[in-house]
There are 2 protein chains.
Amino acid sequence: MARPRQFDEETVLAAVRDQFWTAGYAATSLEDLLRVTGLGKGSLYAAFGDKRRLYLRVLGDYVEATHNTLRAVLADAPRAIDGLRRYLTAPAADPTGAAALRGCFLANSTSEMAAADADVLSASHGAFEERTGILAEAVARAQREGDFSADADPRHAARAIVAAQQGIVFMGRTGIDVTELRAVAETLADQVLPAAPAR
Amino acid sequence: MARPRQFDEETVLAAVRDQFWTAGYAATSLEDLLRVTGLGKGSLYAAFGDKRRLYLRVLGDYVEATHNTLRAVLADAPRAIDGLRRYLTAPAADPTGAAALRGCFLANSTSEMAAADADVLSASHGAFEERTGILAEAVARAQREGDFSADADPRHAARAIVAAQQGIVFMGRTGIDVTELRAVAETLADQVLPAAPAR
DNA sequence: CCAGTTCTTGACCATGCGGTCCATGACAGC
DNA sequence: GCTGTCATGGACCGCATGGTCAAGAACTGG
């Protein structure tokens with residue numbers, strides 16, 4: 001332990017993630033990563049290994065951060081149903097549409113590499129399983145709170161919610177008009193979050 | 001016009017499409033395309049131009065073929081609602097799950113390149129607009145046939161259907177179990193194709 | 001102030017890439 | 001059967017890529 005690093009690891013990883021996020025894995029060159037991080041080749045390799053390892057690293061960090069945020073949103077929501085709805089409509093929340101076009105880093109990665117890279121596939125699969133679990137809990141809570149159709153299986157409902165949200169994210173990437181994206185998100189949210197019948 | 005081509009254009013284009021489909025654009029090398037088509041570099045370039053043009057060509061062909069199939073399925077369905085349901089559950093139809101893992105060529109392309117390549121974005125955007133139109137007609141027909149909630153706007157409903165279907169396709173790419181994928185598709189189909197209230 | 005250790009910089013490397021081009025040969029029309 | 005035309009195959013090119021390495025700089029602990 002002689003010489004401390006001149007860079008902040010989190011900052012570097014965030015820059016790397018953003019680069020991969022916007023350009024994709026294959027379309028990002030080593031040079032891009034150096035430019036974006038300000039590091040030299042040697043430093044980057046010594047600290048994080050090669051391009052693929054670095055990618056898997058930021059992908060894992062992203063998933064973890066995303067799920068922490070999701071858990072917090074759900075926990076902070078006065079009623080679980082509000083959190084669920086917010087989860088579904090979030091992709092259409094940015095009024096400029098830039099975020100929508102960018103999509104979700106995990107989803108982009110899955111689409112680009114899951115079929116060819118077993119590690120990416122397994123990361124993606126695991127992430128969505130975990131997400132399903134988180135949402136299933138929220139669905140169960142919404143049922144207890146009387147806001148969600150009681151005869152639905154929470155896990156099935158959660159899967160449908162995840163799929164619907166990814167569908168919305170995807171439509172954002174097609175360059176759909178933001179207003180229309182918002183309408184789709186609202187429609188799907190209504191359909192995928194069936195209310196309990198009024199008593 | 002002296003020497004006829006030694007290859008069948010459609011066969012070659014299908015092979016190219018499958019290669020791009022499974023591996024993605026960036027991960028497909030020229031050599032891959034030559035191997036898969038059996039052509040020499042000169043022939044391929046003389047016939048179709050460079051890699052990117054070839055890609056856009058097969059992408060366009062794919063979209064056209066897909067929409068023709070969709071139109072046929074909807075037209076052949078005894079009731080429009082059956083065609084719509086089939087459209088939603090198709091991604092989960094293959095019992096091996098291989099097709100699900102492969103996903104949709106258009107969706108994969110969109111995810112990989114739409115953010116970086118304006119032509120791909122515009123192709124994708126246009127394709128989904130067209131698809132929305134096709135489905136909106138089917139929704140209207142289903143309404144006339146009394147199978148679809150009458151107070152829904154066909155175009156909005158169609159957008160939700162497209163998004164839901166893409167969500168299902170996407171879940172297939174995450175390596176989800178085929179049985180579960182089928183369940184998700186059924187659940188979403190029920191939710192996204194609201195029945196007209198029984199009279 | 002020194003010694004030891006680690007980080008940093010950038011030169012360097014081999015390779016595979018997309019793309020061009022030309023000599024060859026196969027075919028059609030006459 | 002001859003000639004002109006065009007598809008073919010592969011040699012060739014320049015380049016950018018991902019990755020390695022070694023020499024020097026910067027900092028810590030004593």
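Computation of the quantities below employed the complete heavy-atom set of this structure, encompassing side-chain atoms and omitting hydrogens, waters and symmetry-equivalent molecules. Everything numeric here is computed off the predicted structure, so don't read it as measured data. Proteins come first, then strands; the chains are lettered A, B, ... in the order of their sequence lines, and each starts at number 1.
You'll find that the side chain of A:K41 is closest to C:dG10, out of C:dT8, C:dG18, C:dG10. With D:dG9, D:dG19, C:dT8 as the choices, the nucleotide that has an atom nearest any side-chain atom of B:S43 turns out to be D:dG9. Here the side chain of B:S29 is nearest to one of C:dC17, D:dG9, C:dC12, namely C:dC17. The listed nucleotides are D:dA11, C:dC17, D:dG18; the one nearest the side chain of A:L30 is D:dG18.
At a non-hydrogen distance threshold of 4.0 Å, nothing from residues 48-57 of chain B comes into contact with DNA chain D.
Taking the six-membered ring for Trp and the full ring otherwise, B:F20 and B:Y55 have centroids separated by under 6.0 Å. For B:F128 and A:F170, the gap between ring centers is short of 6.0 Å.
Taking atom CD of A:E31 as the reference point, atom P of D:dG19 lies 14 Å away to the nearest angstrom. When rounded to the nearest whole Å, the span between CG of A:L44 and C1' of D:dT17 equals 15 Å. The separation between B:L33 atom CG and C:dG18 atom P is 8 Å, rounded to whole Å.
By the 4.5 Å side-chain criterion applied to Ile, Leu, Val, Met, Phe, Trp and Tyr, B:Y45 is assigned to a cluster that also includes B:L30.
When the side chain to side chain contact (heavy atoms under 4.5 Å, CB included) test is applied to A:A152, the partners found at least two apart in sequence or on another chain are A:Q143, A:F148.
Position along DNA chain D of the nearest nucleotide to A:A26 versus B:L39 favours B:L39 as the more 5'-ward residue.
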